[in-house]
Amino acid sequence: MKLKGRGESSLYSLFLTLSNKHLMTTSLEIEEKELIEEDDNDDMAHQRQTRNSECCIFIINTIQQIRFKWRNREISLISGVDKVAFGTVSAAEAVEICGVKPMQYLWYMLSGAICDVIQLLIDCFLHFGVGIEDASICWLMSFFISVAFRHTT
């Protein structure tokens, strides 16, 4: 069946208009779904982060509530960890173990030990994962990469 004159082009333009509207509404629906999914992902990430921080707060408070009696006084096993965990002060300034503030050298030793383990993990990744065979180059690269961790601890 063939339409004469303008009818054929108007039918074709009507088809194009309808198909374009369908494509536009479909793409709008897809964009809305993607935005909703992104919002859901952001909400889930925020909930996970909130749960993690609540868990950390619970653990810190539980540790700090451990007390024992010594010479007729009640002494906290460890205190000041909450200030360190939330980044307000350094461990050398805030933490007390059994009522005694440890020497700053203890914190240097712990920090160095943690950074050495991090450097070892980086070194293993460079050797086994990347395939660097020369031990000196591998150590050099792992040390330079671990400098960021050494400065933050």
Side-chain angles (χ1 to χ4, degrees), residues 13 15-153:
S13 65
F15 171 75
L16 285 177
T17 304
L18 289 174
S19 64
N20 283 339
K21 283 184 181 178
H22 175 71
L23 288 174
M24 287 175 57
T25 56
T26 305
S27 66
L28 287 175
E29 289 172 1
I30 290 172
E31 287 176 10
E32 287 175 6
K33 286 180 183 176
E34 287 174 354
L35 289 175
I36 291 170
E37 286 174 0
E38 287 176 9
D39 289 341
D40 288 344
N41 290 340
D42 291 342
D43 289 340
M44 288 173 57
H46 178 69
Q47 287 175 354
R48 272 194 305 266
Q49 184 178 12
T50 304
R51 274 185 268 143
N52 288 343
S53 61
E54 288 173 356
C55 183
C56 289
I57 291 169
F58 175 75
I59 291 170
I60 289 169
N61 288 336
T62 304
I63 290 172
Q64 292 188 136
Q65 289 174 358
I66 299 173
R67 299 180 184 282
F68 62 93
K69 283 195 169 199
W70 187 68
R71 294 189 179 176
N72 297 327
R73 319 189 296 189
E74 192 170 293
I75 298 176
S76 176
L77 179 65
I78 190 165
S79 63
V81 179
D82 54 342
K83 296 173 186 171
V84 176
F86 298 117
T88 55
V89 294
S90 69
E93 296 172 7
V95 175
E96 289 184 357
I97 300 172
C98 297
V100 177
K101 189 179 283 191
M103 296 185 316
Q104 193 166 7
Y105 184 69
L106 171 73
W107 305 112
Y108 289 136
M109 289 188 315
L110 288 174
S111 171
I114 291 168
C115 290
D116 288 342
V117 170
I118 291 172
Q119 183 178 350
L120 173 66
L121 295 174
I122 294 169
D123 196 24
C124 289
F125 171 75
L126 290 174
H127 179 68
F128 296 112
V130 178
I132 298 174
E133 295 296 325
D134 188 10
S136 297
I137 293 174
C138 197
W139 179 89
L140 179 73
M141 290 179 71
S142 68
F143 180 77
F144 279 117
I145 293 170
S146 71
V147 166
F149 296 104
R150 293 183 185 278
H151 284 284
T152 56
T153 62

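Position 1 is the first residue of the sequence; numbering continues from there.
Rounding to the nearest 0.5 angstrom, the gap separating the CG atom in Asp82 from the CD1 atom in Ile60 is 7.0 Å. A distance of 4.0 Å separates SG in Cys138 from CG in Asp123, rounded to the nearest 0.5 Å. To the nearest 0.5 Å, atoms CG (Leu120) and SG (Cys115) are separated by 12.5 Å. Taking CE of Met109 as the start and CG of Asp116 as the end, the distance is 12.5 Å to the nearest 0.5 Å. Considering CG of Leu140 and CD1 of Ile145, their distance stands at 9.5 Å, rounded to 0.5 Å.
Residues Leu126 and Ser142 come closest through the heavy atom pair CD1-N, 3.7 Å.
Applying the side chain to side chain donor-acceptor pair (under 3.5 Å) test to every pair with at least one member in residues 96-106, sequence neighbours left out, gives these pairs: Gln104-Tyr108. Counting only residues at least two apart or on different chains, the ring-ring contact (aromatic ring centres under 6.0 Å, His included) pairs with a member in residues 119-143 are Trp139-Phe143.
No donor-acceptor pair under 3.5 Å is formed between the side chain of Ser111 and the backbone N or O of Trp107. Put simply, the side chain of Gln64 gets close to the backbone of Val81: a donor and an acceptor are under 3.5 Å apart.
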Query raised in the report: Does the side chain to side chain contact (heavy atoms under 4.5 Å, CB included) test come out yes or no for Leu77 and Cys98, once each step is laid out?
Result: CA-CA 5 Å; Leu77 179 65; Cys98 297; 4.0 Å; yes
Query raised in the report: Could you walk me through whether Val95 and Ile78 pass the side chain to side chain contact (heavy atoms under 4.5 Å, CB included) check?
Result: CA-CA 7 Å; Val95 175; Ile78 190 165; 4.0 Å; yes
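Checked against side-chain contact (heavy atoms from CB on, under 4.5 Å), Asp134 has the following partners two or more places apart in sequence or in another chain: Ser136, Ile137.
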